[in-house]
There are 2 protein chains.
Amino acid sequence: MNGRFPIALHIMTLLCSAEGLLSSEYMAGSINVNSVLVRKELSNLIKNKLVSSQEGKNGGYTLARPAAQITLAEIYETVKPEAVLGQAKNQPNPACPIGKQINQHITELYIDVDKVLMQKLGNTTLLAFVAKFN
Amino acid sequence: MNGRFPIALHIMTLLCSAEGLLSSEYMAGSINVNSVLVRKELSNLIKNKLVSSQEGKNGGYTLARPAAQITLAEIYETVKPEAVLGQAKNQPNPACPIGKQINQHITELYIDVDKVLMQKLGNTTLLAFVAKFN
DNA sequence: TTGTACTGTAATAAAAATTATTACAAATAA
DNA sequence: TTATTTGTAATAATTTTTATTACAGTACAA
């Protein structure tokens, strides 16, 4: 697993608590990662309609919708990996009766786990998450 | 995220459906990864009392307890990463009011998510998981 | 209309994590 | 006592992640 979700959440938190537009440079300063990485993640958030941007001088980024209407599930959705609990890159032996079937059963398990996870994350709005900050 | 959980689950599934002892070499053949990696994961499963081993010729591995008494939560526990939904390696800017606090709030969120996840995985025994195989 | 400060994105490099390989000591069955 | 297996360390190869550099395009503002 990588750091995409924490970074996306950090971005969304910053945007939620900001007045106007924020630049990727400013956010990179708060998160403490490279600004190109921030813009890449923002580009992804824009594609998913959670953020909107304004190009040009004095441009920047802002939430596309009210924070009360955005859940953590939607944010996670934008960075969600193929496999919730990890994906091995091996190809199990098709000649083995277990190896032949295991990927299918893991996939089914992951679908169930994902459901539970999304339900949990869907319970918290971005606004509620940010409200916890002092 | 890495492939440790699928591999650990594959190991446990093989052991569950086996009669006697299985060698790491055999399991590596089914999983299709290096046998040293399998032994490393087995070593971890042994440390967590889910597997026991027998050294020497004709040695191998077997479940330490009946599969009906082992849940997927216990298996996940043995490979669980620090951060369920990913960990960024950045150190957020302590001079930023958001950056200063975000890690604490992410940690709290992760504790909640972990609870839900473990509950879900705790509902399925290894025996039940393996029963799905044809 | 020109300079400045942004976004957007590609290409590449650096760093970190994961997996594979090699090697060998120790155990135990035959 | 030989063969087979676990246990583990050291190292190499591969893959993934993150950083850096570069620059085109947009829009504001003097």
Side-chain angles (χ1 to χ4, degrees), chain A residues 1-8 10-11 14-15 18 20-29 31-48 50-64 79-83 85-93, chain B residues 1-8 10-11 14-15 18 20-29 31-48 50-64 79-83 85-93:
Chain A
M1 180 149 297
N2 55 28
R4 286 187 65 194
F5 178 66
I7 286 172
H10 195 146
I11 288 171
L14 288 169
L15 292 177
L21 297 173
L22 290 182
S23 73
S24 61
E25 206 62 50
Y26 173 82
M27 293 192 264
I31 303 171
N32 202 12
V33 294
N34 195 279
S35 67
V36 176
L37 183 61
V38 174
R39 290 205 289 277
K40 257 187 204 148
E41 205 55 61
L42 280 162
S43 159
N44 186 41
L45 290 164
I46 289 169
K47 219 181 316 180
N48 285 275
L50 295 184
V51 168
S52 62
S53 69
Q54 188 161 330
E55 293 190 21
K57 190 168 178 181
N58 299 332
Y61 302 86
T62 185
L63 293 183
V79 302
K80 188 152 82 173
E82 277 301 300
L85 302 184
Q87 183 154 259
K89 3 191 171 307
N90 63 317
Q91 175 117 21
N93 188 344
Chain B
M1 180 150 295
N2 55 27
R4 287 187 63 195
F5 179 66
I7 286 172
H10 195 146
I11 289 171
L14 288 170
L15 293 177
L21 297 172
L22 290 183
S23 74
S24 61
E25 205 63 50
Y26 173 82
M27 293 192 264
I31 303 172
N32 203 12
V33 294
N34 194 280
S35 68
V36 176
L37 184 61
V38 174
R39 290 204 289 277
K40 257 187 204 149
E41 205 55 61
L42 280 162
S43 160
N44 185 42
L45 290 163
I46 289 168
K47 219 181 317 176
N48 284 275
L50 295 184
V51 168
S52 61
S53 69
Q54 188 161 330
E55 294 190 21
K57 190 169 178 180
N58 299 333
Y61 302 87
T62 185
L63 292 183
V79 302
K80 187 154 82 174
E82 277 302 298
L85 301 183
Q87 184 153 259
K89 8 192 168 304
N90 62 318
Q91 174 118 22
N93 188 344

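Throughout, a chain's letter reflects where its sequence line sits, starting with A, and its residues are numbered from 1. Source: prediction; values computed, not measured.
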A.B. asks: Measure CG/A:L15 against P/C:dT7 and give the value in whole Å, please.
C.D. replies: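 Rounded to whole Å, this separation is 11 Å.
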
A.B. asks: Is the backbone of B:Q91 close enough, under 3.5 Å, to the side chain of A:N32 for a donor and an acceptor to pair up by distance?
C.D. replies: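 Yes; at least one donor-acceptor contact below 3.5 Å.
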
A.B. asks: Has the side chain of A:N93 got a donor or acceptor atom that lies under 3.5 Å from a matching backbone atom of B:I31?
C.D. replies: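 No.
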
A.B. asks: In whole Å, what is the span from the CE atom of B:M27 to the C1' atom of D:dT6?
C.D. replies: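 The distance from CE of B:M27 to C1' of D:dT6 comes to 11 Å, rounded to the nearest Å.
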
A.B. asks: Just checking B:I46: base, sugar-phosphate only, or nothing, at a heavy-atom cut-off of under 4.0 Å?
C.D. replies: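 The answer is sugar-phosphate, as B:I46 gets under 4.0 Å only of primed atoms, P, OP1 or OP2.
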
A.B. asks: So do A:L45 and A:I11 actually touch side chain to side chain, heavy atoms under 4.5 Å?
C.D. replies: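 Counting from C-beta outward, A:I11 and A:L45 do come under 4.5 Å.
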
A.B. asks: With a 4.5 Å heavy-atom cut-off, do A:S24 and A:V38 have their side chains touching?
C.D. replies: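 Side chain of A:S24 against side chain of A:V38, heavy atoms only: contact under 4.5 Å found.
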
A.B. asks: A:S53 side chain N/O closer than 4.0 Å to the phosphate oxygens (OP1, OP2) of C:dG8?
C.D. replies: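 Yes, A:S53 has a side-chain N/O under 4.0 Å of OP1/OP2 on C:dG8.
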
A.B. asks: Distance-only, no hydrogens or angles: does the A:N2 side chain make a donor-acceptor pair with backbone N or O of A:R4 under 3.5 Å?
C.D. replies: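 Such a contact is found between A:N2 side chain and A:R4 backbone.
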
A.B. asks: Under a 4.5 Å cut-off applied to non-hydrogen side-chain atoms, are A:M27 and A:Y61 in contact?
C.D. replies: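 Yes, side chains in contact.
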
A.B. asks: Would you indicate, yes or no, if D:dT8 has its OP1 or OP2 atom less than 4.0 angstrom from a side-chain nitrogen or oxygen of B:S43?
C.D. replies: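 For B:S43, the contact criterion (side-chain N or O under 4.0 Å from OP1 or OP2 of D:dT8) is met.
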
A.B. asks: Roughly, in whole Å, what's the span from CG in A:N44 to P in D:dT17?
C.D. replies: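 Atom-to-atom, A:N44 to D:dT17, this comes out as 14 Å.
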
A.B. asks: Ignoring backbone atoms, establish whether A:S23 has a side-chain N or O less than 4.0 Å from OP1 or OP2 of C:dA5.
C.D. replies: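 False: A:S23 side-chain N/O out of range (4.0 Å or more) of C:dA5 OP1/OP2.
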
A.B. asks: For a quick check, with a 4.0 angstrom heavy-atom cut-off, what is the B/S/- contact string for nucleotides 19-30 of chain C, read 5' to 3'?
C.D. replies: SSBB----BBBS

A.B. asks: For the pair made of CD in B:E25 and C1' in D:dA3, what is the distance, rounded to whole Å?
C.D. replies: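 Taking atom C1' of D:dA3 as the reference, CD of B:E25 is at 15 Å.
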
A.B. asks: Less than 4.0 angstrom between a side-chain N/O of B:Y61 and OP1 or OP2 of D:dG7, yes or no?
C.D. replies: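 Yes, because at least one side-chain N or O of B:Y61 sits under 4.0 Å from OP1 or OP2 of D:dG7.
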
A.B. asks: Can any side-chain N or O of A:N48 pair as donor or acceptor with the backbone N or O of A:L50 at less than 3.5 Å?
C.D. replies: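 A pair under 3.5 Å: no.
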
A.B. asks: Just how far, in rounded Å, is P of D:dT6 from CD of B:E41?
C.D. replies: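 Taking atom P of D:dT6 as the reference, CD of B:E41 is at 15 Å.
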
A.B. asks: Write down the distance between CG (A:L22) and P (C:dA5), rounded to a whole number of angstrom.
C.D. replies: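 My rounded result for the distance is 18 Å.
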
